[in-house]
Amino acid sequence: MPSAGPDTLAPFPAGRTRLPVSPTLAANEALAVRRRLGKPVLPLAFGEAGLPVLPQLRAALASAAGRGGYGPVAGLPALREAAAGYWDRRGLPTSAGSVVCGPGSKPLLLGLLLAIGADVAVPRPSWVSYAAQAGLIGARAHFVPIPGGEGGACDPGQLDLAVTAARGRGRRIGSVIVTLPDNPTGRVAAPATIRALCRVAARHDLIIICDEIYRDLLYDTAAQVISPAAIAPHRTVVTTALSKNLALGGWRIGAARLPESELGGHLRDRLLGICSEIWSAPSAPIQHAAAYAFGEPAEITERVARSRRLHATVARAAARICAAAGLLVPAPEAAFYLYPDFGPWREHLRTRTGVTTGAQLAGHLLDRYGAGALPASDFGEDERALRMRLATGLLYGESDGQREAALAASDPLALPWISASLTRLRDVLADLGPQASPRPAVIPAAAGPGSLART
């Protein structure tokens, strides 16, 4: 009798034979293996906020530990009311009935793509899971370049061309994803870009999915940031979660704000059906704690403000180190990401190490230096691009005590453990790079990865 083997499994949608672990999670696991073996690591690959849970949040969760019931598919009324208030305070009037909660914004994004049931336009570069999720449902992700100096939004003119070209090939693009602010670039789309993108979406009847999980971590809180939901409210879904602003990635709780329109009603019904068949309802104790967090009492807003300052200080310092080494670095504007381009070192890397692709460079950084980084190809760029996403959120310490000290410090760069990590980054680049390289400054807000020559 024949034994079961790999051929027993049908191919994934779109003919994929395998689906690897998400690059961010795979890189984090590779660094964990090195750490267990006693090898030094410089953890710059995983996009985790790297901070302790606020004590009041721990208390809120503990107080709800006895709640074992399922609850409504869309989430508990108290959580949906709190999330609606969160968006109200950001200039997006929201009713609790338009909010759907889930175990993180990531499954909500998958549910939305499944509910829409068509191809999706995504920025190039963009978060690794957008395209992967499209493939899971048998759809196709169409990568569209970003405008120069920005991040997280497709260039509107290029989006118009992409939708038209796809239609000519018999493919329907039904949605476009915006990340505001952006991962991997740490940049923000300009208001003019968002307005123009909304016009293109109206012309082609696209649903806009705006992932705003990093919105509260924009360094300049006075900067003008426009959500597409403020321009095209009847066709825009906004998602968020507590994973980044409050460092609660392990709690797995997120929320989606559906349009209050006929389209939004149909989309909500479809999404709830999908939610009911996959996760039934989010964890009840987590929902109670999340309702407290979305309510934003003073201790929550203070914690987010301290986190924002710490992320800005360390990410900017890492960007200065990269620029001083001769790399091209768009100045980070939000979260804990920077996106340096090793293109100026291309010939040096080829002759010295044999590296010619981003994946090879990431592998070399890990194998030789224990430094984690993700190549641009993981975010939809060409494999020859030598841009790397560096995430600084895990440099704040090895213990909760060190991380709390980093949050409280007036100068976190002076703390020995943060200083040591940044010194290690400087040493890695000094060893890897040419002996004498040009020293461009960090690229200012007027320029960025979209304006660089594609190396």
Closest non-hydrogen atom pair, [X] against [Y]:
X	Y	value
P125	Y339	CB-OH, 3.5 Å
P375	A359	CB-N, 3.7 Å
L394	G50	CD2-CA, 3.9 Å
A229	T236	N-CG2, 3.6 Å
T239	L112	CG2-CD1, 4.0 Å
A82	G295	CB-N, 4.1 Å

Do [X] and [Y] make a side-chain contact, defined as non-hydrogen atoms from C-beta onward lying under 4.5 Å apart?
X	Y	result
L108	V100	yes
L310	F336	no
I146	P123	yes

[X]: side-chain contact (heavy atoms from CB on, under 4.5 Å) partners, not counting sequence neighbours:
X	value
V225	L180, V188, L218
I274	L114, A115, I278
A165	R169
S243	I213, A241, R252

Could you list the residues that satisfy salt bridge (charged side-chain N to carboxylate O under 4.0 Å, His left out) with D220, not counting sequence neighbours?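 Result, salt bridge (charged side-chain N to carboxylate O under 4.0 Å, His left out) vs D220: none returned.
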Taken in chain and number order and not counting sequence neighbours, the residues that satisfy salt bridge (charged side-chain N to carboxylate O under 4.0 Å, His left out) with R90 are D216, E296
Donor-acceptor under 3.5 Å ([X] side chain, [Y] main chain):
X	Y	result
E150	D155	no
R346	R384	yes
R172	D119	no
T351	H348	yes
K244	R215	no
R368	V428	no
S126	V122	no
S129	A132	no
E302	A298	no
S98	T94	no

Name the one of R389, R387, R124 that satisfies salt bridge (Lys or Arg N to Asp or Glu O under 4.0 Å) with E381? R387
Salt bridge or not between [X] and [Y]? Use side-chain N to carboxylate O under 4.0 Å.
X	Y	value
D182	R187	no
D400	R403	yes
D160	R167	no

To the closest 0.5 Å, what do you measure between [atom1] ([X]) and [atom2] ([Y])?
X	Y	atom1	atom2	answer
L271	I116	CG	CD1	9.5 Å
L246	F294	CG	CZ	8.5 Å
L44	L425	CG	CG	6.0 Å
E333	L338	CD	CG	12.5 Å
I321	T423	CD1	OG1	7.0 Å
D205	R235	CG	CZ	5.0 Å

In L197, V238, V237, the residue satisfying side chain to side chain contact (heavy atoms under 4.5 Å, CB included) with I208 is L197
With respect to L328, which candidate in P344, C322, P340 satisfies the side chain to side chain contact (heavy atoms under 4.5 Å, CB included) definition? P344
How about CD on E383, more than 12 heavy atoms from neighbouring residues, nucleotides or ligands closer than 6.0 Å, or not? no
Check against side-chain contact (heavy atoms from CB on, under 4.5 Å), H364 and Y369: CA-CA 8 Å; H364 184 74; Y369 304 105; 4.2 Å; yes
Pairwise ring pair (Phe, Tyr, Trp, His ring centres under 6.0 Å) hits with a residue in residues 201-236, at least two apart: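 Checked against ring pair (Phe, Tyr, Trp, His ring centres under 6.0 Å) - neighbours excluded - the pairs reaching residues 201-236 are Y214-Y337.
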Once ring pair (Phe, Tyr, Trp, His ring centres under 6.0 Å) is applied, what residue pairs with a partner in residues 107-135 remain, sequence neighbours excluded?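 Sorted result for residues 107-135: W127-Y130.
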For R308 and T221, what are the C-alpha separation, side-chain angles and deciding distance, and is it a side-chain contact (heavy atoms from CB on, under 4.5 Å)? CA-CA 10 Å; R308 184 190 307 118; T221 56; 3.6 Å; yes
Evaluation steps, side-chain contact (heavy atoms from CB on, under 4.5 Å), between L366 and L31: CA-CA 8 Å; L366 179 62; L31 288 172; 3.6 Å; yes
By ring pair (Phe, Tyr, Trp, His ring centres under 6.0 Å), which residues pair with F379, not counting sequence neighbours?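 With sequence neighbours excluded, F379 shows a ring pair (Phe, Tyr, Trp, His ring centres under 6.0 Å) to no residue whatsoever.
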Once ring pair (Phe, Tyr, Trp, His ring centres under 6.0 Å) is applied, do any residues pair with W251, and if so which ones, sequence neighbours excluded?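 Ring pair (Phe, Tyr, Trp, His ring centres under 6.0 Å) list for W251, sorted by chain: empty.
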Any salt bridge (charged side-chain N to carboxylate O under 4.0 Å, His left out) involving residues 23-41? Give me the pairs, sequence neighbours left out, ordered by first then second residue.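 Checked against salt bridge (charged side-chain N to carboxylate O under 4.0 Å, His left out) - neighbours excluded - no pair reaches residues 23-41.
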Would L361 and W345 satisfy side-chain contact (heavy atoms from CB on, under 4.5 Å), going step by step from the backbone distance to the final call? CA-CA 11 Å; L361 177 56; W345 294 1; over 6 Å; no
Determine all donor-acceptor pairs shorter than 3.5 Å in which one atom belongs to a side chain in residues 405-422; sequence neighbours excluded.
unit_1	atom_1	unit_2	atom_2	d
D411	OD1	L413	N	3.3
W417	NE1	Y396	O	2.9
S421	OG	W417	O	3.3

Trace of the side-chain hydrogen bond (donor to acceptor under 3.5 Å, both in side chains) decision for E212 with S227: CA-CA 8 Å; E212 298 188 8; S227 170; 2.6 Å; yes
Might you work through the salt bridge (Lys or Arg N to Asp or Glu O under 4.0 Å) test for E404 and R303, ending with a clear yes or no? CA-CA 11 Å; E404 288 287 359; R303 183 65 159 210; 3.0 Å; yes
